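Structure first, then comments.
A quick note: this is a predicted structure, and the numbers were derived from the prediction, not measured.
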Amino acid sequence: MNAMDSTASLQRPQRTTAVAPAGVDPTPGDPTGVGPTAVGPTAAATHDVTNQAPPLVPYDASDDQALLEGVRREGAGWAEEGIRRLGVRAGSAEAQEWGELANRHEPELRTHDRYGNRIDEVAFHPAWHHLMRTAVAEGLAGAAWADDRAGAHVARTAGGLVWGHTESGHGCPTSMTYAAVPALRAQPELAKVYEPLLTSRVYEPGLRVPADKPGLLAGMGMTEKQGGSDVRTNTTTAAPTSEPGVYTLRGHKWFTSAPMCDVFLVLAQAPGGLSCFLVPRVLPDGSRNAFRVQRLKDKLGNRSNASSEPEFDGTVAWLVGPEGRGVKTIIEMVNCTRLDCVMNSATLMRKTLVEAGHHVRHRSAFGARLVDQPLMRNVLADLALESEAATTLTLRLAGAADRAVRGDEQERAFRRIATAVGKYWVTKRGPAFTAEALECLGGNGYVEDSGMPRHYREAPLLSIWEGSGNVNALDVLRALSREPGAADAFFGELAHARGADARLDGAVARLKAGLAETDQAGARRLVERMALALQASLLVRYAPAAVADAFCATRLDGDWGYAFGTLPARAALDPILERALPGAN
């Protein structure tokens with residue numbers, strides 16, 4: 001008996017046989033031999049629980065062939081043992097419970113202490129700290145920047161793809177900490193002090209002097225209510241002090257996640273224009289910096305993570321990079337967090353696919369298991385294609401990031417445009433995907449106990465965070481028109497698959513022909529076609545024939561409907577499902 005069978009047997013009520021007490025005549029027609037006034041377990045038991053899936057714990061979140069193959073291919077094969085270990089931990093009953101508890105018991109803002117002193121702290125459930133401690137220790141925050149091994153950034157991304165099976169909210173502070181390092185390097189003096197702490201594998205919550213802590217977390221504050229993604233309209237001001245490089249800020253940020261972080265990268269208007277600043281929560285002398293948290297956002301999802309509106313009034317900040325170059329300084333941070341948006345969407349896809357696959361293997365309807373019914377198999381196989389395409393693209397982007405850090409200019413140019421393409425498309429696919437996976441569970445998936453509603457609420461965030469769909473689509477247009485080498489790098493990547501599939505060759509030719517005619521109104525259509533061509537090229541090169549053929553037939557050649565579960569009759573469902581969900585046949 002395996003672990004799941006054992007768990008199910010423990011949860012199933014045991015049937016008992018009633019016996020008439022001594023001296024009592026059985027009631028005529030009563031097969032139990034107990035009269036109508038009998039009470040006890042048998043009288044209270046109205047039914048046995050049958051035809052329900054057992055809990056999906058424990059399971060291995062790294063049991064994903066597309067993931068492991070991508071890790072090896074992108075240069076992080078040395079990390080596979082650790083990724084597998086983390087995958088087992090992510091699927092454990094303990095870690096899954098942490099994710100549930102962290103979302104059930106949401107963070108609470110405490111603006112003042114009992115004496116009336118302003119403290120602006122956020123209190124979290126212990127489960128949040130367990131998740132954070134594990135994530136930081138496993139190198140999912142800034143540790144990759146301190147690792148000289150080729151593939152270190154790929155290993156970090158792969159770790160996020162499996163540890164994200166617990167819950168998504170705590171991925172926000174780890175992502176921003178990771179992304180802050182390259183931006184901070186624009187000011188070497190500050191990087192010398194803070195980088196060793198941002199790349200630490202030690203998680204220590206609580207606000208203290210940053211230099212006195214064994215490890216730090218970083219956040220960022222860019223958006224303001226009047227501008228949103230149009231950060232150049234920011235009205236927060238930065239006034240120079242008599243100390244070189246030190247300023248005081250005044251303004252109100254509209255959406256600053258993870259206010260419990262130790263330091264923040266913030267955009268503000270200096271005399272020389274929009275600039276980037278480092279803002280610590282606690283100053284070197286131990287006093288609290290002016291970081292007034294006005295409120296926490298009441299969000300659709302991502303509820304385990306605190307997102308806030310801080311007000312700056314005389315807030316001490318250190319300049320990062322030259323005045324007037326704030327966007328250029330912080331763009332590296334944006335590229336990193338956009339990659340994590342793609343990663344987190346791919347993680348949600350894989351997590352909900354695993355949940356759906358588990359349910360249909362154990363649930364029967366109309367005389368057969370759901371997994372054995374052709375229409376359900378079509379739905380699952382279609383979801384499996386989408387999931388593998390997202391995972392494969394995520395790891396290719398991570399590989400480009402890793403090689404760009406090591407000086408590969410071709411990969412740098414590819415990463416620049418392909419990350420924006422992937423951010424637009426994969427995060428757009430997330431909500432539709434999670435809705436379809438939820439529907440595989442039927443009404444069971446619509447109740448909070450299943451966990452699926454939490455995943456569904458999480459999915460839209462990843463398209464909004466770090467620039468909405470329109471912002472990323474326009475960014476792709478900007479890269480194509482203004483950045484030499486971006487288009488060449490993108491089409492150079494597609495060329496690696498030239499001749500392998502006529503449908504892909506045709507899609508690439510149409511894509512090239514349409515570039516010159518694309519204006520702003522057509523940006524989404526262009527980026528969608530770029531993303532599908534890129535995903536198809538990767539699957540044609542690396543995935544089994546059944547996966548690549550079905551993807552090209554549907555996503556490129558139009559042999560597809562408007563919803564998941566509309567793969568053509570000739571699609572080879574069995575090998576697709578066996579790859580994505582071993583044991584589904």
Margin query: Check the orientation of His362 and His358. Use parallel for under 30°, tilted for 30 to 60°, and perpendicular for over 60°.
Written below: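 Tilted: the ring planes of His362 and His358 meet at 30° to 60°.
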Quiz item: Relative to each other, are the rings of His129 and Phe124 parallel, tilted or perpendicular (30° and 60° limits)?
Solution: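 Judged by the thresholds at 30° and 60°, the geometry between His129 and Phe124 is perpendicular.
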Requested in this report: Examine Lys423 relative to Trp465 and say whether NZ or CZ is less than 6.0 Å from the centre of the six-membered ring and inside a 45° cone about the ring axis.
Outcome: no
Does [X] reach the main-chain N or O of [Y] with its side chain, forming a donor-acceptor pair under 3.5 Å?
X      : Y      : answer
Lys253 : Leu267 : yes
Thr174 : Gly171 : yes
Glu167 : Asn103 : no
Asp147 : Ala143 : no
Asp64  : Ala580 : no
Arg363 : Asn51  : yes
Ser468 : Ile464 : no

Sidechain N-carboxylate O distance under 4.0 Å for [X], [Y]:
X      : Y      : value
Glu448 : Arg454 : no
Arg110 : Glu121 : no
Glu388 : Arg350 : no
Arg104 : Glu100 : yes
Arg156 : Asp340 : yes
Glu69  : Arg396 : no
Glu106 : Arg303 : yes

* Qualifying residue, where the test is side chain to side chain donor-acceptor pair (under 3.5 Å) with Gln294 and the options are Glu311, His252, Glu309 ->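 For Gln294, the side chain to side chain donor-acceptor pair (under 3.5 Å) check succeeds only for Glu311.
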Is the closest side-chain donor-acceptor distance between [X] and [Y] under 3.5 Å?
X      : Y      : result
Ser307 : Lys299 : yes
His170 : Trp163 : yes
Asp475 : Asn472 : no

With sequence neighbours excluded, residues passing side-chain contact (heavy atoms from CB on, under 4.5 Å) with [X]:
X      : result
Val405 : Trp145, His153
Glu204 : Arg208, Lys213, Pro214
Leu283 : Pro280, Asp285, Ser287, Asn289, Val316, Trp318

Rounded to the nearest 0.5 angstrom, the OG-CG distance for Ser168 and Asn302 is 7.0 Å
Worksheet item: In Å and rounded to the nearest 0.5 Å, what is the CG to CZ distance from Leu140 to Arg201?
Response: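 The CG atom of Leu140 sits 8.5 Å away from the CZ atom of Arg201.
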Q | Validation row, ring centre Phe264 to ring centre Phe291 under 6.0 Å | A | yes
**Request:** Show the numbers, then the answer: is there a side chain to side chain donor-acceptor pair (under 3.5 Å) between Thr50 and Asp48?
**Result:** CA-CA 6 Å; Thr50 60; Asp48 288 338; over 6 Å; no
